[in-house]
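In this text the structure is predicted, and so the values were computed from the model without any measurement. Every chain is numbered from 1 and lettered A, B, ... according to where its sequence line falls, protein lines coming before strand lines.
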Amino acid sequence: MRGQGRKESLSDSRDLDGSYDQLTDSVEDEFELATVCHRPEGLEQLQEQTKFTRKELQVLYRGFKNECPSGIVNEENFKQIYSQFFPQGDSSTYATFLFNAFDTNHDGSVDFEDFVAGLSVILRGSIDDRLNWAFNLYDLNKDGCITKEEMLDIMKSIYDMMGKYTYPALREEAPREHVESFFQKMDRNKDGVVTIEEFIESCQKDENIMRSMQLFDNVI
Amino acid sequence: MAAGVAAWLPFARAAAIGWMPVANCPMPLAPADKSKRQDELIVLNVSGRRFETWRTTLERYPDTLLGSTEKEFFFNEDTKEYFFDRDPEVFRCVLNFYRTGKLHYPRYECISAYDDELAFYGILPEIIGDCCYEEYKDRKRENAERLQDDLDSENNQESMPSLSFRQTMWRAFENPHTSTMALVFYYVTGFFIAVSVITNVVETVPCGTVPGSKELPCGERYSVAFFCLDTACVMIFTVEYLLRLFAAPSRYRFIRSVMSIIDVVAIMPYYIGLVMTNNEDVSGAFVTLRVFRVFRIFKFSRHSQGLRILGYTLKSCASELGFLLFSLTMAIIIFATVMFYAEKGSSASKFTSIPASFWYTIVTMTTLGYGDMVPKTIAGKIFGSICSLSGVLVIALPVPVIVSNFSRIYHQNQRADKRRAQKKARLARIRVAKTGSSNAYLHSKRNGLLNEALELMGTPEEEHAGKTTSLIESQHHHLLHCLEKTTNHEFIDEQMYEQNCMESSMQNYPSTRSPSLSSHQGLTTTCCSRRSKKTTHLPNSNLPATRLRSMQELSTIHIQGSEQPSLTTSRSSLNLKADDGLRPNCKTSQITTAIISIPTPPALTPEGESRPPPTSPGPNTNIPAIASNVVKVSAL
């Protein structure tokens, strides 16, 4: 990846000036030194790597850059952006899971390439690709299978997004019960974990899920 | 949802992929994106300066001039641009608002010009960002005060026939400059206060001897004259008090105010004296009461602004003064004890007890030094000198601090109040914005239901609610709807939630009631069951009982399907439509069947479940003549 990360460090220029006063300017500099500016690869390369058209990439990038002028999103920023869509609940946990799913190289930040790669799978990929991506989202420790604890975490985070004021009122056991029903459906060999094959197979048999996967075709 | 993140909506919708495999129910249909126009640049010519932006940027806020079709009025066919004959500087801020979602207030701009521009473009000033909001509010308030002053001075010249007599009187009392009568009254009362105070003082001066008796104070020599003067003053004060009481807009508040208490205290002794006879034992107490006459001097504070400010600052510095008093007391007690024990040995010492030594300590510490009590022993003298030195410190140091505290606290109070007031308003705004966005969703669901209802009637004449939601809003609502489906719960607003909690705790399922319910209600609920063939761009609205309740009374009760696990109650509702062929894939099927309530045959199939029947059917709402083809049953 040819993306450049250019660190704007002011300390170099400061030392040359000799105008750097240790006593007074201390804390403020920390902020400035940390500014990183990231630029994505060229449009052509992204077009090759993803299934978006040129115009779509342009629109996506403009939106991306609007919220993240520095070119990368860190987890806090990500959570904050996502929370704006769910004013009633607490979407931070689910946002964290999403962040980990988008951040494929696990470096703590999502740049435009990661962002667009993820979106390309979800919005333009085949149903199997999408299911794969969803499995990857659920598999928190990326070990190839979903345990009940992982699923419970995911379920709780989804229910958290609903917030307090719901009808009928949210009960404590609701996520757990939901997880049970999920496992009943998905876990074929009843070994307590859901592997990728079980997952894809069960989803393909469920017409609701198949139909809802097609919802993503015309999001953009 | 801030418009700035509208660009991230596709991402948020894509992120919903995590919900799909978990959901038990099918997802609602997505709103169709009818206008697949390519994004185009539009040119805005504001008094010659050209601004260009994307069309979608402007469409983020559809209820402003630039975001709606209103801008077509300004379209110039020849040059193919939108021409506005307005200030380009302010337009810069307005356009930035569309781009970033934040409205800024430039400091160099005049507040009224800015307000005019905002009003022209249909933007509410309340959405000014936090960074500029305080400045904006300050300037606005200054401007308003200036206008108010102008208005007041105008009013002072012209007569105000609209004020009642009582209100004019009150105004005259509070502000003596309003009319000459008020001014006269002001000076007369001031004069009599002065007379009364001077009388009290002169009363006690010895007036020369009457032959044959000892020297008498003037008060006893010319007792009749003084009595007449006193009577006159008290009469004036009483009349004044009664007039104020009559004119006060809130009598209760007036009676509780400090000034009125002072008034009462000033005139009471006279009346009490009148009532009392010349009883020996009582007259002693009566004489003490006369002391209160000196409080008449406080009546001057109505006449002097300075006195009022002093009183207020003393009140606000009460804690500082209290601390000074406390530390002084500590020092006094310490030194008095020391001096007592030091002087215990010496003969004929005046320091007979510790409280007796208090007097010495106070006199020494305040550097008065009367000399009526002096230490005689060496130890006493040593401690005495330490006492006087520390007295200087203890008293002299805090006094300037307190003085500066006065001014600091006074100013700070004003600033803190201002900040607190603005903070509350700011938090309220943020809260409103949040609830606004969630309310928008709930509102659109309701509208969706209304639309359904009207269509059921077959007369979709009224276009509802006027507000066609923008594509972005409808997509956002679809997203929230998917979340509801995934978790099988629904978003409601706070009051509904409270109501539900209350009702569920009441647990009222009288099956006997239902027949009566249904018979009482001429107007039954509509179950937007039939999700007709039309495809609206609103998400399938479920018929949540709560929503119904808000629209009209609910008389459906639901039957719990036997296979229902104690799980989440699902909303079977619209999924049961035969037309769409969607079957509820929900484990819990709550079926609501219906009873015939009115002689029209049943139409429907069941819709949303409801909670236990409302204990009191609400008033018939104005959902006009919904065809009573709804059937409900009650059973449990």
Side-chain angles (χ1 to χ4, degrees), chain A residues 55 59-60 62-64 66-67 81-82 84-88 94-95 97-98 101 115 118-119 122-123 130-131 133-135 137-138 151 154-155 158-159 161-171 173-174 177-178 181-182 186 199 202-203 206-209 211-213 215-216 218-220, chain B residues 1-2 4-27 29-30 32-33 38-39 99-100 434-435 437-438 475-476 479-480 482-484 486-494 496-497 500-501 504 544-546 565-569 585 587 611:
Chain A
K55 278 245 180 282
V59 168
L60 280 173
R62 269 187 253 135
F64 184 83
N66 213 13
E67 277 302 304
I81 294 174
Y82 199 64
Q84 303 212 24
F85 295 101
F86 301 97
Q88 273 194 325
Y94 188 70
F97 296 144
L98 276 178
F115 180 72
L119 280 186
I122 301 176
L123 301 178
R130 292 175 187 170
L131 289 175
W133 202 93
F135 184 83
L137 174 70
Y138 295 149
M151 204 58 221
I154 300 258
M155 202 63 76
I158 295 182
Y159 275 81
M161 281 198 280
M162 290 294 293
K164 197 171 112 175
Y165 302 119
T166 57
Y167 171 71
L170 269 179
R171 297 164 306 131
E173 320 81 55
E177 288 164 359
H178 205 153
S181 74
F182 177 79
M186 300 277 165
F199 182 72
S202 314
C203 287
D206 185 335
E207 56 177 71
N208 268 336
I209 297 183
R211 196 171 302 126
S212 55
M213 283 292 159
L215 269 181
F216 295 101
N218 45 5
V219 164
I220 284 200
Chain B
M1 181 183 69
V5 291
W8 281 62
L9 187 59
F11 159 72
R13 302 182 70 208
I17 195 170
W19 313 337
M20 304 295 151
V22 218
N24 291 326
C25 308
M27 292 291 141
L29 296 172
D33 191 0
Q38 295 288 11
D39 205 3
R99 292 183 180 132
T100 61
K434 258 198 169 175
T435 53
S437 128
S438 45
Q475 286 180 341
H476 187 210
L479 183 68
L480 292 173
C482 285
L483 183 60
E484 285 184 340
T486 309
T487 55
N488 277 320
H489 288 68
E490 248 198 11
F491 286 114
I492 50 178
D493 60 26
E494 201 165 333
M496 299 280 178
Y497 181 69
N500 289 354
C501 288
S504 63
T546 54
S566 58
L567 238 224
T568 53
T569 54
N585 198 6
K587 289 241 164 80
R611 298 167 276 122

Kindly give the heavy-atom pair with the smallest separation between B:Cys25 and A:Asn208, and that separation in Å. C-ND2, 4.2 Å
Just so I know, are the side chains of B:Glu490 and A:Thr166 near enough to count as touching, which here means a heavy-atom distance under 4.5 Å? no
Just so I understand: if I count every heavy-atom pair under 4.5 Å between each of A:Leu137, A:Leu119, A:Leu98, A:Leu170 and chain B, which residue has the most? A:Leu170
If I compare all heavy atoms of B:Val22 with all of A:Tyr138, which pair ends up nearest, and what's the gap? CG2-OH, 3.1 Å
Return the CD to CD1 distance between A:Gln88 and B:Ile492, rounded to the nearest 0.5 Å. 8.5 Å
Got a second to check how far B:Phe11's CZ is from A:Leu60's CG, nearest 0.5 Å? 11.5 Å
Find out whether A:Phe135 and B:Pro21 are in side-chain contact, i.e. whether some heavy atom of one side chain is under 4.5 Å from a heavy atom of the other. no
Is the B:Phe491-A:Tyr165 ring centre distance short of 6.0 angstrom? no
Let me know if B:Ile17 has heavy atoms under 4.5 Å from chain A in its side chain, its backbone, both or neither. both
Option that, when pairs with chain B are counted at under 4.5 Å, heavy atom only, ranks first among A:Phe86, A:Tyr82, A:Phe199, A:Tyr94: A:Tyr94
Nearest 0.5 angstrom please: A:Met161 CE to B:Glu484 CD, how far? 12.5 Å
Which pair of non-hydrogen atoms, one from A:Ile209 and one from B:Met20, has the smallest distance, and what is that distance? CG1-O, 4.0 Å
Which atom of B:His489 lies closest to which atom of A:Pro168, heavy atoms considered: CD2-O, 2.9 Å
May I ask you to check whether B:Trp8 and A:Phe64 place their ring centres under 6.0 Å from each other? yes
To the nearest 0.5 Å, how far apart are OH in A:Tyr159 and OG1 in B:Thr486? 8.5 Å
